[in-house]
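Some notes on the structure that comes next.
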Amino acid sequence: MPALEDELFPSTPGKFKIDRAHTMNRHFHRCFGSTSTMFLWALFLVALTASYLSFQSFVYTGSRYLTASWGGIQWEKQIRHSAQIHRSNGMSVLVTGAAGFVGSHVSLALKKRGDGVVGIDNFNNYYDPSLKRARKSLLNNQGIFIVEGDINDARLIAKLFDTVAFTHVMHLAAQAGVRYAMENPHSYVHSNIAGLVTLLEACKSAYPQPSVVWASSSSVYGLNENVPFSESDRTDQPASLYAATKKAGEEITHTYNHIYGLSITGLRFFTVYGPWGRPDMAYFSFTRNILQGKPITVYRGKDRADLARDFTFIDDIVKGCVGSLDTSGKSTGSGGKKRGPAPYRIFNLGNTSPVTVPTLVSLLERHLKVKAKRNFVDMPGNGDVPFTHANISLAHRELGYKPTTDLATGLKKFVKWYLSYYGYNHGKAVN
Ligand SMILES: O=C(O)[C@H]1O[C@H](OP(=O)(O)OP(=O)(O)OC[C@H]2O[C@@H](n3ccc(=O)[nH]c3=O)[C@H](O)[C@@H]2O)[C@H](O)[C@@H](O)[C@@H]1O
C-alpha cells in the first residue's frame, strides 16, 4: 500500500525533481511489477498497434470501394464480356474517348465486325454531357461497356490491362477544339499530354503490349504553306496550344516507340463532321443558331479571304481508323523492354477537297431550308489557320484509305440526324 506522504506533492521545489523521479520509478514498479507482467504489457501494445493499422487499412480500402466507380467482380465480368472477340483473327480494342464523336463511331464499327471493344470516357462537360450519355446508351445496346474514368488514372488503366489482354488501343480521348485552348490551356496539357503519357506507360508495361493508334490533328501543320499538306511537311510552327499539344503527342509517342517498342500510328484528322458530332464545332453550332434564328459569326482571313477546311465525313474517318488498326503491326517490347524495332507511322486522314466556310453555311441553309443571318468578322488571333488541305496518298497506299463523301452529302446526313435527335424546334422551346 502506498504511504499517504507518497501521494503528496513535495513541499519544496528543491526536492521536486528527485522526489518526482523517485515517485515515477515507484509508479512504474507498481504497474509493471514483474518481468512477466512487462512482457504481457508489451504484447498488448503490439496487438493494439497492429489492430489500429489494420483498421486504418480497412477504412482506406472500404472508402475506395465506396467512392470508386470501378472495380469489383461484376465490373470485371462486364469488361471481359465486352472485350470478347467474335470473329477469327479479331482484336480486342480499348477505345479511349469512347463516348466522344469519333470514339463512339469507331467502337460501333469494330463491334459490328466482331471485334471486342471496351470503352473508357470521363464524360467531362466541355460540351453537353447528355450527348455523350446518349452515345453511351447506343454503344451499351450493342454490347459495348464504357468505363467511366479518366486516362490520367494510372491505377484504373493498369486494372483494365490486368483484366483484358488488349491487342490494340484506339486512343481518341483528348481535349479538342482549337480556340478553347485560350480559355482553358491546362485542360489541354492534362488530357493531351499528361493523359497520353499515363496511357502509354500502361501500354508499355502491359504484357503483351498492345498496338496503339491515336488521334493527332491537321492543326499540327500550323503555319505550313505547302499545299496540299503532306506528312513530310513542317509541323514545328503550331498556331494554337491545342496544335502544340497534338504535336507534342507525336513526339511523345515516338519516344515510346523508340525506347519500348510500342507500335504507334498517329492520325492527323481534318475537321471531322457528321451525325452524333461535336456541338462545339462550326457546322454544329451554325445549325443550332440557324434553326433558332440567331446570327452566326463567319470568320474571314487576311484581305477578307474566305477561310477553308478540308471537312472530312465521319464514315470515311472510321474507315481510316479501322484500316490503321488492321495494318498497325505488332509492338515488340515486353516487360517494359524493347525487343526490336516496331512500326511508327503518321497519316493524314482528310477529304482532299477544301470547302470555304461561307459555302458550308450555304449548304446548311439548303438542307435546313432556313436562311442564315451571317455576321462576317475578321479572324481573331485565336489559333485558327486560314485553310487546311490534306494530301492523302500515303494513307491511300498504306491503309487503302479513300474518302467517298463530299460535304454536301455528309451535311445532308448530319442535318437528318440533327433534326431527328433535337427536333425542328431545338433551342426555341428548350434552350
Ligand atoms: O482538323 C483539325 O485538326 C481540327 O478540326 C476542328 O477544328 P476546326 O477546323 O477549327 O473546326 P471548326 O471549329 O468547326 O471550325 C471550322 C471553320 O469554321 C470557322 N468558324 C468557326 C467558328 C465560328 O463561329 N465561325 C467560324 O467561321 C473556323 O475559323 C474554321 O475555319 C476541330 O475542332 C479540332 O478538334 C480538330 O483537331
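The analysis underlying the following values was restricted to heavy atoms, covering all of them including side chains, and did not include hydrogens, waters or symmetry mates.
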Item to check | Residue pair T359 / T356, side-chain donor-acceptor N/O under 3.5 Å | outcome: yes
What donor-acceptor contacts under 3.5 angstrom involve side-chain atoms of residues 137-149, with partners at least two apart or in another chain?
| residue | atom | partner | partner atom | Å |
| --- | --- | --- | --- | --- |
| S137 | OG | R133 | O | 3.1 |
| N140 | ND2 | I144 | O | 2.8 |
| N141 | ND2 | S137 | O | 3.3 |
| E148 | OE1 | R133 | NH1 | 3.1 |
| E148 | OE2 | R133 | NH2 | 2.8 |

Checklist entry - Centre of Y256's six-membered ring, under 6.0 Å away, within 45 degrees of the axis: is that where NZ or CZ of K204 sits? => result no
Checklist entry - Has the side chain of Q209 got a donor or acceptor atom that lies under 3.5 Å from a matching backbone atom of G333? => result yes
Checklist entry - Going through the distances and angles, do Y283 and F414 end up as a ring-ring contact (aromatic ring centres under 6.0 Å, His included)? => result CA-CA 9 Å; Y283 73 96; F414 165 71; 4.8 Å; yes
Checklist outcome for this item: From the list S216, S218, S219, C321, side-chain contact (heavy atoms from CB on, under 4.5 Å) with F269 holds only for C321
Checklist entry - What residues, two or more places apart in sequence or in another chain, satisfy side-chain contact (heavy atoms from CB on, under 4.5 Å) together with M91? => result R87, V93, R113, D115, T167, H168, L325, D326
Item to check | Cation-pi geometry met for K247 and Y221 (6.0 Å, 45°) | outcome: no
Item to check | Identified ring-ring contact (aromatic ring centres under 6.0 Å, His included) counterpart of F284 within the set Y127, Y418, Y273 | outcome: Y418
Checklist entry - Taking the side chain as C-beta and beyond, is there a heavy-atom pair between K136 and F123 under 4.5 Å? => result yes
Checklist entry - So, H105 side chain and P275 main chain: donor-acceptor pair closer than 3.5 Å or not? => result yes
Item to check | Student check: side-chain heavy atoms of V95 and V118 closer than 4.5 Å | outcome: no
Checklist entry - Do T96 and M170 touch side chain to side chain, with heavy atoms closer than 4.5 Å? => result no
Next on the checklist: Check this for me: does any side-chain nitrogen of one of D162 and R155 sit under 4.0 Å from a carboxylate oxygen of the other?
Outcome noted: no
Next on the checklist: Parallel, tilted or perpendicular, judged at 30° and 60°: which one describes the rings of Y126 and Y180?
Outcome noted: tilted
Next on the checklist: Any heavy-atom pair between the side chains of Y299 and R179 that's under 4.5 Å?
Outcome noted: yes
Checklist entry - How would you list, by chain and number, every residue that makes a side-chain hydrogen bond (donor to acceptor under 3.5 Å, both in side chains) with D121, sequence neighbours excluded? => result none
Next on the checklist: For a salt bridge (charged side-chain N to carboxylate O under 4.0 Å, His left out) check, start with the C-alpha distance between R268 and E250, then their side-chain angles and the critical distance, and finish with the verdict.
Outcome noted: CA-CA 10 Å; R268 293 176 179 165; E250 293 188 357; 2.7 Å; yes
Checklist entry - Any side-chain heavy atom of Y260 sitting closer than 4.5 Å to one from R339? => result no
